[in-house]
Amino acid sequence: MKENKVITIQDFSSLGQCSISAALPIISAMGIETIALPIALLSAQTSCCDDYTYVDLQSNLLPAAAQLKNFGLDFDIIYTGYLGRKNVVEDTIAICKNCPSSNIIVDPAMAEHGELYSGITPDYVDAITQLCKLSDLALPNVSEACMISKYPYSELLSAEDVKNIANALTDIGIKNFIITGIKMREGMKIAYCSNNAVNFYDITEIPGQFYGSGDVFASTLVGGIANNLKTTDALRLAINYTSQAIKITSEDKSHNYGLKFEKAIPYLIEELKRICQTG
């Protein structure tokens, strides 16, 4: 069986256990060669502090991607996370279009609680929507799904609301997507939407703010798909592993940034092995 390679395009935060600093160890631990194309270098993720340092690396993005292609590498999966600016999204779209056989997985990474991240502009939403249309799988949270679909945001949604959002995303040309962070009266949910069907998955809710949980979830899902798991199996693995990492982090009250996903990596490897063996 062919060994897949993942190339991930997003920022690198030295402190914060998110973005590339989560993607590289998680996907690599799942046995997948992972190549990083950072679009910026931050001293810390933005939720850690207000005075983080920032180095723009956009000028390296297209030349680095071209050099990798010239080296003869196939990008089996292109996984994008936080990109931050419209022109970076446009460069990423150009890379994706130059790799027509790649499986493109897009985490929009631009909003939470109905609000855009600081510095994200409305034209960025338009650009990320175009990137999601190119994707084989998009991973918006509820806020991002509402912004892309132009559906009114609410903290509490019904199953009918989610289906309406899913229909709107499908109508604008986004083929397959997973909506995370859905708060319903029945509890927290994730919705996998494909072929006009919406399937809900239960999430165990642990009180608290756990920064970077979306990055851990997305990276695990990508690693599962790169291991040729069915999307539903990769999704369940991502849910369970992220839940384990959140539980471990919640037990350390002094840890106020990122997820302690490293402590849960033995669980991830064992679960991946079990799923691969059982088919």
Side-chain angles (χ1 to χ4, degrees), residues 10 18-19 45-47 79-86 88-90 92-93 104-203 205 207-218 221-222 231 235 238-239 242 246:
Q10 50 187 310
C18 64
S19 57
Q45 65 152 304
T46 56
S47 62
Y79 160 40
T80 74
Y82 178 78
L83 301 175
R85 298 189 312 283
K86 177 185 176 183
V88 178
V89 179
E90 290 171 341
T92 303
I93 288 172
I104 299 167
I105 302 177
V106 174
D107 179 359
M110 65 180 180
E112 200 165 333
H113 302 300
E115 301 289 337
L116 289 170
Y117 293 158
S118 175
I120 298 293
T121 56
D123 61 351
Y124 182 89
V125 178
D126 295 337
I128 210 75
T129 298
Q130 296 307 311
L131 181 57
C132 286
K133 288 180 182 181
L134 278 180
S135 74
D136 296 281
L137 183 64
L139 310 174
N141 62 29
V142 166
S143 297
E144 293 153 356
C146 287
M147 289 177 182
I148 292 170
S149 67
K150 306 193 184 314
Y151 192 86
Y153 172 80
S154 174
E155 286 283 342
L156 188 66
L157 297 174
S158 66
E160 192 64 26
D161 287 325
V162 177
K163 290 175 182 176
N164 288 338
I165 293 169
N167 288 337
L169 292 172
T170 301
D171 287 345
I172 64 174
I174 301 175
K175 300 183 287 292
N176 304 292
F177 47 94
I178 294 169
I179 304 175
T180 61
I182 304 169
K183 186 175 183 180
M184 302 176 67
R185 294 191 186 280
E186 301 84 357
M188 293 298 295
K189 308 279 186 181
I190 281 177
Y192 174 39
C193 311
S194 180
N195 297 319
N196 296 314
V198 178
N199 293 292
F200 290 96
Y201 292 75
D202 294 329
I203 302 297
E205 187 173 10
Q209 179 72 52
F210 300 98
Y211 299 107
S213 56
D215 294 340
V216 171
F217 171 83
L221 183 72
V222 168
T231 302
L235 174 55
I239 290 171
T242 305
I246 290 173

Who are the side chain to side chain contact (heavy atoms under 4.5 Å, CB included) partners of [X], not counting sequence neighbours?
X      : value
Ala109 : Tyr82, Asp107
Leu131 : Thr80, Leu83, Val89, Thr92, Ile93, Cys96, Val106, Ile128
Ala159 : Met184, Phe200
Leu235 : Ile178, Ile190, Tyr192, Tyr201, Phe217, Leu221, Ile239

Apply the side chain to side chain contact (heavy atoms under 4.5 Å, CB included) test between Val142 and each candidate in Ile182, Val162, Asp161; give the one that qualifies.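 Passing option: Ile182.
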
At what distance, to the nearest 0.5 angstrom, does [atom1] of [X] lie from [atom2] of [Y]?
X      : Y      : atom1 : atom2 : value
Gln130 : Ile148 : CD    : CD1   : 10.5 Å
Leu139 : Ile179 : CG    : CD1   : 11.0 Å
Ser135 : Lys133 : OG    : NZ    : 11.5 Å

Least distance between heavy atoms, [X] atom then [Y] atom:
X      : Y      : answer
Cys132 : Ala138 : SG-CB, 4.1 Å
Ala168 : Ser149 : CB-CB, 3.7 Å
Gly114 : Met147 : O-CE, 3.5 Å
Ser19  : Asp215 : N-OD2, 2.8 Å

Is a donor on one side and an acceptor on the other found under 3.5 Å between the side chain of Glu112 and the backbone of Ser143?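 Answer holds: no.
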
Any side-chain to backbone donor/acceptor pair from Glu144 onto Asn141? Under 3.5 Å, distance only.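 Flag set: sc Glu144 to bb Asn141 pair under 3.5 Å.
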
With sequence neighbours left out, which residue pairs that include part of residues 192-203 fulfil the salt bridge (charged side-chain N to carboxylate O under 4.0 Å, His left out) condition?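 Applying salt bridge (charged side-chain N to carboxylate O under 4.0 Å, His left out) to every pair that reaches into residues 192-203, excluding sequence neighbours, yields Lys189-Asp202.
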
Residues in side-chain hydrogen bond (donor to acceptor under 3.5 Å, both in side chains) contact with Glu160, at least two apart in sequence or another chain: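 None.
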
Contacts of Thr231 that satisfy side-chain hydrogen bond (donor to acceptor under 3.5 Å, both in side chains) - sequence neighbours left out: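 None.
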
Determine, stepwise, if the pair Val125 / Lys150 fulfils side chain to side chain contact (heavy atoms under 4.5 Å, CB included). CA-CA 11 Å; Val125 178; Lys150 306 193 184 314; 5.8 Å; no

Sequence neighbours excluded, every pair satisfying side-chain hydrogen bond (donor to acceptor under 3.5 Å, both in side chains) that has a member inside residues 170-186: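 For residues 170-186, and leaving out neighbouring residues, the side-chain hydrogen bond (donor to acceptor under 3.5 Å, both in side chains) pairs sorted by first residue read Asn176-Ser194.
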
Output every pair passing side-chain hydrogen bond (donor to acceptor under 3.5 Å, both in side chains) with a member in residues 115-129, not counting sequence neighbours, ordered by first then second residue.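 Every side-chain hydrogen bond (donor to acceptor under 3.5 Å, both in side chains) pair that includes a residue of residues 115-129, provided the two are not neighbours, is Thr121-Asp123.
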
